[in-house]
Amino acid sequence: MGIIDTVSSALSSNAASDDGDDSRRNSEGAYWCDDCDVRVRDVAVDAEDLARDADGTPLCPDCGAAMRFERSHADGCAC
């Protein structure tokens, strides 16, 4: 029974951690600063407490320029 309990515990721990991380499933892309190559996922903007311009676009934490929203980067990944 020890092995079964261990496997069951491991599986339930993974399921619990997946339920708490909705940001992976709800992300629609990332904001990029072309000058600084800074990337911030859209679901992390509030957590990183980035300033925003009048339109609500996040500003780069390094240079202060408005960041560009992009669903996928040039390498083809759906970030």
Side-chain angles (χ1 to χ4, degrees):
M1 281 284 213
I3 293 175
I4 292 173
D5 290 336
T6 302
V7 171
S8 296
S9 176
L11 291 175
S12 65
S13 295
N14 287 341
S17 66
D18 287 346
D19 291 341
D21 191 12
D22 290 334
S23 63
R24 276 190 191 164
R25 287 177 254 140
N26 295 332
S27 177
E28 295 179 13
Y31 287 93
W32 290 85
C33 178
D34 294 318
D35 294 332
C36 300
D37 289 329
V38 172
R39 175 185 178 264
V40 179
R41 291 181 53 224
D42 60 340
V43 295
V45 169
D46 292 332
E48 297 204 17
D49 198 29
L50 297 181
R52 295 177 184 258
D53 66 9
D55 296 326
T57 303
L59 301 176
C60 176
D62 290 350
C63 72
M67 299 177 84
R68 176 177 48 89
F69 182 77
E70 194 172 88
R71 176 150 175 85
S72 63
H73 192 255
D75 64 3
C77 86
C79 302

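Keep in mind that this is a model prediction, so the values were computed, not measured. Just so it is clear, the values below take in all heavy atoms, side chains as well, and ignore hydrogens, waters and symmetry mates.
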Restricting to pairs with a member in [range], which pass ring pair (Phe, Tyr, Trp, His ring centres under 6.0 Å), not counting sequence neighbours?
range: residues 47-71; result: Y31-F69
range: residues 43-68; result: none
range: residues 39-66; result: none

Any idea which heavy atoms bring [X] and [Y] closest together, and the distance?
X: R71; Y: E28; answer: NH1-O, 3.1 Å
X: S27; Y: V43; answer: CA-CG1, 3.7 Å
X: M67; Y: P61; answer: SD-CD, 4.4 Å

Contacts of D46 that satisfy side-chain contact (heavy atoms from CB on, under 4.5 Å) - sequence neighbours left out: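 Expected list: R52.
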State which residues pass side-chain contact (heavy atoms from CB on, under 4.5 Å) with A65; sequence neighbours excluded, sorted by chain then number.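 side-chain contact (heavy atoms from CB on, under 4.5 Å) check on A65 returns C63.
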Hey, could you give me the SG/CZ distance between C33 and R68, rounded to the nearest 0.5 Å?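 Those atoms lie 9.5 Å apart.
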Under the rule for side-chain hydrogen bond (donor to acceptor under 3.5 Å, both in side chains), what residues qualify as partners of D35, not counting sequence neighbours?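 D35 satisfies side-chain hydrogen bond (donor to acceptor under 3.5 Å, both in side chains) with no other residue.
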Any residue meeting side-chain hydrogen bond (donor to acceptor under 3.5 Å, both in side chains) with D49, in chain and number order, not counting sequence neighbours: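 D49: no side-chain hydrogen bond (donor to acceptor under 3.5 Å, both in side chains) contacts found.
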Going by side chain to side chain contact (heavy atoms under 4.5 Å, CB included), L50 matches just one of L59, T57, V40. Which one?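 Going through L59, T57, V40 one by one, the side chain to side chain contact (heavy atoms under 4.5 Å, CB included) with L50 is satisfied by V40 alone.
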